[in-house]
Amino acid sequence: MAAPWVLHVDLDQFIAAVEVLRRPGLVGLPVVVGGRGDPTERGVVATASYAAREHGIRSGMPLRTAVKRCPDAVFLPADNPAYDVASAGVMDALRALPGVVVEVMGWDEAFLGVDTDDPEAFAAHVQAQVYAATSLRCTVGIGDNLLRAKIATGFGKPAGVFRLTRGNWFAVMGDRPTRALWGVGVKTARKLADRGLHTVADLAAADPAALAADLGPARGPYHVQLGRGIGRERVDGTPWVPRSHGRETTFQADLEDWADVRTEVAGLARTVAGELAGRPARRVGVTVRFVPFTTRTRSATLPAPTLDADVLAAAAAGVLDRFPTRRAVRLVGVRAEF
DNA sequence: TCTGGGGTCCTAGGACCC
DNA sequence: TCTGGGGTCCTAGGACCC
């Protein structure tokens, strides 16, 4: 009788791989995708090819830093519609697999729920089918829950397969820093370290009630579970219902004049209104990033849910008026909540 | 290293009501 | 006059992820 497994499928250097597919001359070269493709502009790296990573280029790094590390890299603008198409091809290939439940996690990753006696063989089949359909390589993590499958993927990169279960959790993860866990970022890792909790094994042995005082009533105990490798076991294939939709813009030159900030917010609100896709906005939020990098948000519940661009723009303008400062601005954003 | 853009969920305090 | 406890909504911010 086949056992239930969770597989985490993660495309290798997805965005760079999509770009290389349509420009075969770039195979093996350092390729950096991000922003408008101009490394003298404000922008960050979305994905770097493995050749670019050898020069120390990483996702999230400013393009201006990336070009210093590798002046010869090929810089390309992000082409989101192309990645949407490529991603849809991958997800279709996954859904075509027999007997699987697919939970999409983003452009380049998904969880699969499958009953099988040989998860490694199934993983190899997944890789072959994805490659046949899209010419893209992926890594597959195998786990007895989503958390372990997700973390397993990191050990299988690139193009490999790795299995992580309750059986080998502490052997593989116990001595690693808490930061290695999916859901522990720099801030939380620092807080945990302040409590003397440095490794995954430390966290697993911590007192949930004590951590609740530090991290919050839900987060504290949840993080102890993370340390133990415990997480959701059932892959959920129900279609995702978006909670919000927004747009934001970083300006190449800071906006000094508040009238320009107003104009930009109104324009973004209209753009967002045009992308509501029939889901009325119940709340609207405005983000302002002041120079040098201080970010503030304000939001308001609308008198009535709306799809109307004029109404949303007026509401966003009203929210913007509540910002107390009028310093130079480097980014504004507008978000609608449903 | 002068730090994008798209999201999600949690937390905490205050308002307000019963 | 002084005072309770619970529930829910709103809002700002924090943290994290891809």
Side-chain angles (χ1 to χ4, degrees), chain A residues 8-11 13-15 32-47 55-70 77-80 83-84 87 104-111 146-147 150-151 153-154 178-179 181-192 212-223 226 240-252 254 268 271-272 275 282-303 319 322-324 330-338:
Chain A
H8 178 252
V9 178
D10 193 300
L11 279 293
Q13 46 172 7
F14 173 68
I15 290 171
V32 178
V33 183
R36 298 194 290 198
D38 179 348
T40 68
E41 286 191 350
R42 284 178 173 170
V44 299
V45 176
T47 306
H55 291 84
I57 297 176
R58 297 284 178 273
S59 296
M61 173 181 285
L63 294 175
R64 287 167 176 166
T65 305
V67 74
K68 280 180 202 157
R69 299 214 175 172
C70 184
D79 180 0
N80 293 9
Y83 314 142
D84 282 335
S87 177
V104 178
M105 293 300 286
W107 268 341
D108 65 342
E109 58 179 290
F111 288 103
L146 278 74
L147 173 67
K150 165 79 183 176
I151 294 175
T153 300
T178 56
R179 184 73 180 84
L181 294 166
W182 185 38
V184 176
V186 240
K187 308 280 185 153
T188 303
R190 203 171 295 151
K191 270 192 190 176
L192 295 173
D214 267 14
L215 302 180
R219 289 200 100 92
Y222 171 75
H223 279 78
L226 277 186
W240 181 252
V241 180
R243 273 72 161 164
S244 66
H245 174 74
R247 290 278 174 177
E248 57 186 53
T249 310
T250 292
F251 306 108
Q252 289 303 321
D254 302 328
L268 285 173
T271 300
V272 168
E275 295 170 337
R282 298 185 67 249
R283 290 176 54 78
V284 61
V286 175
T287 300
V288 177
R289 179 124 74 215
F290 296 99
V291 175
F293 208 71
T294 309
T295 308
R296 290 285 177 266
T297 63
R298 290 285 184 281
S299 62
T301 299
L302 300 172
V319 172
R322 288 170 28 218
F323 281 78
R330 65 174 282 145
L331 168 149
V332 295
V334 174
R335 175 161 300 277
E337 293 175 33
F338 308 124

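What you see below is based on every heavy atom in this structure, not just the backbone, and it leaves out hydrogens, waters and symmetry mates. Lettering of chains follows the sequences in order, A, B, ..., and the numbering in each one begins at 1.
Under the 4.0 Å criterion applied to side-chain N and carboxylate O atoms, A/Glu109 and A/Lys150 are assigned as salt-bridge partners. Ion pairing between a basic and an acidic side chain is recognised when a charged N comes within 4.0 Å of a carboxylate O; A/Arg36 and A/Glu41 show such pairing.
Contact annotation for A/Ala78: no contact, since no heavy-atom pair falls under 4.0 Å across all strands. Using a 4.0 Å heavy-atom distance criterion, A/Leu11 is classed as making no nucleic acid contact. Among the atoms of the strands shown, none is found under 4.0 Å from any heavy atom of A/Gly35. Using a 4.0 Å heavy-atom distance criterion, A/Arg322 is classed as a sugar-phosphate-only contact. A/Arg69 comes within 4.0 angstrom of nothing in the nucleic acid, heavy atoms only. Residue-level contact check: A/Arg330 touches the bases, meaning some heavy atom is under 4.0 Å from a base atom. Residue A/Trp182 is in sugar-phosphate contact alone, with no base atom involved, counting any heavy-atom pair closer than 4.0 Å across all strands shown. A/Ser59 comes within 4.0 angstrom of no nucleic acid atom, judged by non-hydrogen atoms across all strands. Within the 4.0 angstrom heavy-atom criterion, only backbone atoms of the sugar-phosphate kind lie near A/Leu331; the bases stay farther away.
For the pair A/Arg64/A/Arg42, a side-chain contact is recorded, criterion being any heavy-atom separation below 4.5 Å from C-beta on.
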For this session: Would you sort out whether A/Arg247 and A/Thr271 count as a side chain to side chain donor-acceptor pair (under 3.5 Å), showing the intermediate values?
Result: CA-CA 8 Å; A/Arg247 290 278 174 177; A/Thr271 300; over 6 Å; no
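Relative orientation of the A/Phe111 and A/His8 rings is tilted, given thresholds of 30° and 60° on the angle between their planes.
B/dC16 and C/dG4 have their C1' atoms separated by 16 Å, with the value rounded to a whole Å.
With A/Thr250 contributing its side chain and A/Leu331 its backbone, the two residues share no donor-acceptor pair below 3.5 Å. Under the 3.5 Å distance criterion, the side-chain polar atoms of A/Arg219 are left unmatched by any main-chain donor or acceptor of A/Ala212.
Nearest-nucleotide assignment on DNA chain B puts the 5′-proximal partner with A/Phe293, out of A/Leu215 and A/Phe293. Each of A/Glu41 and A/Pro217 was matched to the nucleotide of DNA chain B holding its nearest heavy atom; the match closer to the 5' end belongs to A/Glu41.
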Exercise. What would the secondary structure line of DNA chain B be in dot-bracket form, counting Watson-Crick and G-U wobble pairs under 3.5 Å, with [ ] for pairs that cross earlier ones and | for pairs with another strand?
Worked result: ....||||||||||||||
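A cation-pi contact, defined as under 6.0 Å to the ring centre and within 45° of the axis, is absent between A/Arg243 and A/Phe338.
Under 3.5 Å, the side chains of A/Arg289 and A/Thr295 contain a donor-acceptor pair of N or O atoms.
Contact footprint of chain A on DNA chain C: nucleotides with an atom under 4.0 Å from a non-hydrogen protein atom, first to last in 5' to 3' order, C/dC10 to C/dC18.
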